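Data block below; observations after.
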Amino acid sequence: MSQTKKKTVTPEQQERIYALLARTRRELLALGIPVSQRLQTLRINTRTRKRLGACIRNKTAAGRKSFTIEISASILNCDDEQICTIIAHELLHTCRGCFDHGKKWKEYAGRVESALGYHISRTADSAALGLKAAPAEEARYTVVCCSCGQRFERRRRCPLVLHTEKYRCGKCGGQLKLL
């Protein structure tokens, strides 16, 4: 069994990311973009393989919302402008009505791009940042329709894999079986 080396984040890298977060936040506020004051924390995720950033909405028992921004450790070797682009993308999600990539989010992203030069898009291109693409995980489970032969591949033991008998093919309605 192969062991993967766990990525660690140095205090210097963490300090750099916090400084870039503060800088990007100030820049967005200076443009009049209403970034939320309820940014709870910033985390550097050493486990994520595909995404470069995430904005997570937290809700307290009292119903108050706050946000956590998560940045992938894979971007720590990128230059400051590239990291700020990813942080700006996630900060835009903290604006009211912008938790998706809808019209308002796109409007703010356009304003940021024209004023600051950050190319903010719905998805980031790892290759453009000079990062290696994450290796594709092979499917460990295959479910096949007995009628039309449609294949459904899964990497994890999800309900479809565990209880194939409870599901039908979305294409023809046929019975499914686990290979």
Side-chain angles (χ1 to χ4, degrees), residues 4-138 153-156 170:
T4 56
K5 186 178 176 185
K6 187 179 180 205
K7 296 177 194 173
T8 57
V9 179
T10 66
E12 293 80 22
Q13 289 172 320
Q14 202 145 17
E15 198 173 302
R16 175 180 174 229
I17 294 294
Y18 276 108
L20 291 174
L21 172 67
R23 167 187 147 186
T24 307
R25 192 170 188 289
R26 280 191 309 271
E27 290 172 340
L28 296 182
L29 289 170
L31 291 174
I33 295 175
V35 176
S36 176
Q37 299 293 323
R38 295 188 178 142
L39 182 59
Q40 188 177 20
T41 187
L42 172 101
R43 279 193 304 240
I44 299 174
N45 188 331
T46 58
R47 294 179 54 194
T48 185
R49 296 175 56 176
K50 293 184 180 182
R51 70 176 184 217
L52 302 178
C55 180
I56 301 159
R57 186 171 28 197
N58 309 309
K59 209 172 195 180
T60 65
R64 292 184 56 98
K65 291 179 195 167
S66 66
F67 298 93
T68 299
I69 291 184
E70 209 172 72
I71 301 296
S72 171
S74 64
I75 68 164
L76 293 176
N77 295 327
C78 293
D79 67 35
D80 288 358
E81 297 305 308
Q82 292 169 323
I83 294 173
C84 286
T85 298
I86 293 164
I87 291 173
H89 174 117
E90 302 310 333
L91 282 173
L92 290 179
H93 285 305
T94 69
C95 299
R96 174 166 277 150
C98 293
F99 202 66
D100 57 1
H101 296 109
K103 187 176 178 180
K104 198 172 192 181
W105 184 90
K106 288 177 185 172
E107 176 195 329
Y108 288 153
R111 282 173 48 189
V112 171
E113 187 169 350
S114 64
L116 302 174
Y118 299 154
H119 178 66
I120 299 175
S121 60
R122 194 179 65 75
T123 58
D125 182 13
S126 297
L129 295 172
L131 302 172
K132 288 188 287 185
E137 276 187 54
E138 288 187 34
E153 294 186 337
R154 298 293 185 265
R155 294 186 300 267
R156 296 189 179 137

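One-based numbering along the sequence shown. Since the model is a prediction, treat every value here as computed from it, not as a measurement.
Scanning all heavy atoms of the two residues, the minimum distance from Cys95 to Pro34 falls at SG-O, 3.5 Å. Nearest heavy-atom pair, Ala88 versus Ile120, reported as atom, atom and distance to 0.1 Å: CB-CD1, 3.7 Å. The two residues Ile44 and Gln14 have their closest heavy-atom pair at CD1-CA, 4.1 Å. Contact detail for Gln40 and Asn58: the closest heavy-atom pair is OE1-ND2, 2.7 Å.
Scanning for salt bridge (charged side-chain N to carboxylate O under 4.0 Å, His left out) contacts around Glu113 gives an empty result, with sequence neighbours left out.
A distance of 10.5 Å separates NE2 of His93 from CZ of Phe67, quoted to the nearest 0.5 Å. Separating the CG atom in Leu42 from the CD1 atom in Ile17 is a distance of 7.0 Å, to the nearest 0.5 Å.
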message: Applying side-chain contact (heavy atoms from CB on, under 4.5 Å) to Ile33 and Leu91, what does each step give before you reach the verdict?
response: CA-CA 10 Å; Ile33 295 175; Leu91 282 173; over 6 Å; no

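Here Arg16 does not pair with Glu12 in a salt bridge; the nearest charged N to carboxylate O distance is not below 4.0 Å. Under a 4.0 Å N-O distance rule, the pair Glu27/Arg111 does not qualify as a salt bridge.
Checking side-chain atoms of Arg122 against main-chain N and O of His101 turns up no donor-acceptor pair under 3.5 Å. Remark: the backbone N or O of Ile56 is not paired with any side-chain donor or acceptor of Thr68 at under 3.5 angstrom. Put simply, the side chain of Glu70 never gets that close to the backbone of Arg43: no donor and acceptor are under 3.5 Å apart. Side-chain atoms of Tyr108 do not come within 3.5 Å of backbone N or O of Leu28 as any donor-acceptor pair.
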